[in-house]
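Below is one structure, written out as structure tokens; the observations come after it.
In the text below, chain A, chain B and the rest are named by the order of the sequence lines, each starting its count at 1.
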Amino acid sequence: MCGRYALTSPPEALAKLFAAIGALPNFPRRYNAAPSQALPIVRRTPRPGRELALARWGLIPSWSKGPDSRFSMINARAETVAEKPAYRGAFRHRPCLVPANGFFEWQAAKGGKQPYYFSLKSGEPFAFAGLWEHWIGAGGDEIESFTIIVTDANDCVAPVHQRMPVILHMQDHARWLGEDDAPTRERLALLRPLPADEMQCWPVSKKVNSPANDSPDLLEAEADLLGP
DNA sequence: CCAGACGTTGTT
DNA sequence: GTCTGG
DNA sequence: CCAGACGTTGTT
DNA sequence: GTCTGG
């Protein structure tokens, strides 16, 4: 699963890395991004090209009566995303990249849950596979939202949690976004766990538990819990 | 036909 | 909107 | 994902 | 326990 992540690269760096063109939205460095918040995604523009845009984390299906949290879906299962009513249309027509520098998972243990931070060994920002949606309310209000696709944990994440977000390799971004017109099965084939040897992980402070905390120290390793 | 759902996770 | 269940 | 709330009335 | 808010 994935219910919290970090995005510390600035808009200019992300636009360059993910080949987004046009006006850049403004957003601060985030060390503890949480559902319901406005966060950047990368998606296709009506013309050929990609753009960086802000959207609310928690996909609101277009048929939903409102931005009700019961229909605000923060994760979609890779195994069923192409068929589920809430995601099928977005899977075909509204894929997106969700830029991140790392993500958190919680390990259930005696005495409470211990959070861990996961990132790439390369230290580079990366993209989760996501879907976005455009919701228009009865009063004409509009919300753009997104969800992050999840799959089985790899051997890096498995000791902490059984599920993890899908992280795409740079060379697969175009296919996920549908820019090469690949058939559905080839887009689905991208929704696999990233190889474990490309990732690193360490325990972090429980300060990350509260979404109100959002500071650089949340990403620092908690020395007490590192191995001998 | 209409009504109701439409999602994920873990349960130490 | 679209599918499943009754 | 976790934290925190979880209620009613009448009031300008 | 269960729901909402961030």
Practice item. Kindly confirm whether the side-chain ring of W63(A) is stacked on the base of dC6(B), judged by centres under 5.5 Å and planes under 30°. Key: yes
Output yes when at least one side-chain N/O atom of [X] is less than 4.0 Å from OP1 or OP2 of [N], else no.
| X | N | result |
| --- | --- | --- |
| S36(A) | dC1(D) | no |
| K113(A) | dT12(B) | no |
| R88(A) | dC3(C) | yes |
| R77(A) | dT9(B) | yes |

Salt bridge check, [Y] against [X]: does any charged N sit closer than 4.0 Å to a carboxylate O?
| X | Y | answer |
| --- | --- | --- |
| E222(A) | K206(A) | no |
| K121(A) | D197(A) | no |
| R43(A) | E144(A) | yes |
| R88(A) | E83(A) | no |

Please report the distance separating the [atom1] of [N] from the corresponding atom of [M], rounded so that it comes out in whole Å.
| N | M | atom1 | result |
| --- | --- | --- | --- |
| dG5(E) | dC6(B) | C1' | 22 Å |
| dA3(D) | dT11(B) | P | 16 Å |
| dC2(D) | dT8(B) | C1' | 15 Å |

Please work out if [X] contacts a base, only the sugar-phosphate, or nothing of the nucleic acid, heavy-atom cut-off 4.0 Å.
| X | result |
| --- | --- |
| A109(A) | base |
| Y87(A) | sugar-phosphate |
| A212(A) | nothing |

Review point. So which of residues 147-162 of chain A are in contact with DNA chain E, with a heavy-atom cut-off of under 4.0 Å?
Key: none
Exercise for review: Under a 3.5 Å limit for both distances, which nucleotide forms a Watson-Crick or G-U wobble pair with dC6(B), could you say?
Suggested key: dG1(C)
Point to revise | Heavy-atom closest contact (G3(A) atom, I74(A) atom, distance) | key: CA-CD1, 4.1 Å
Exercise for review: Could you tell me how the ring of F128(A) sits relative to the ring of F126(A): parallel (under 30°), tilted (30 to 60°) or perpendicular (over 60°)?
Suggested key: perpendicular
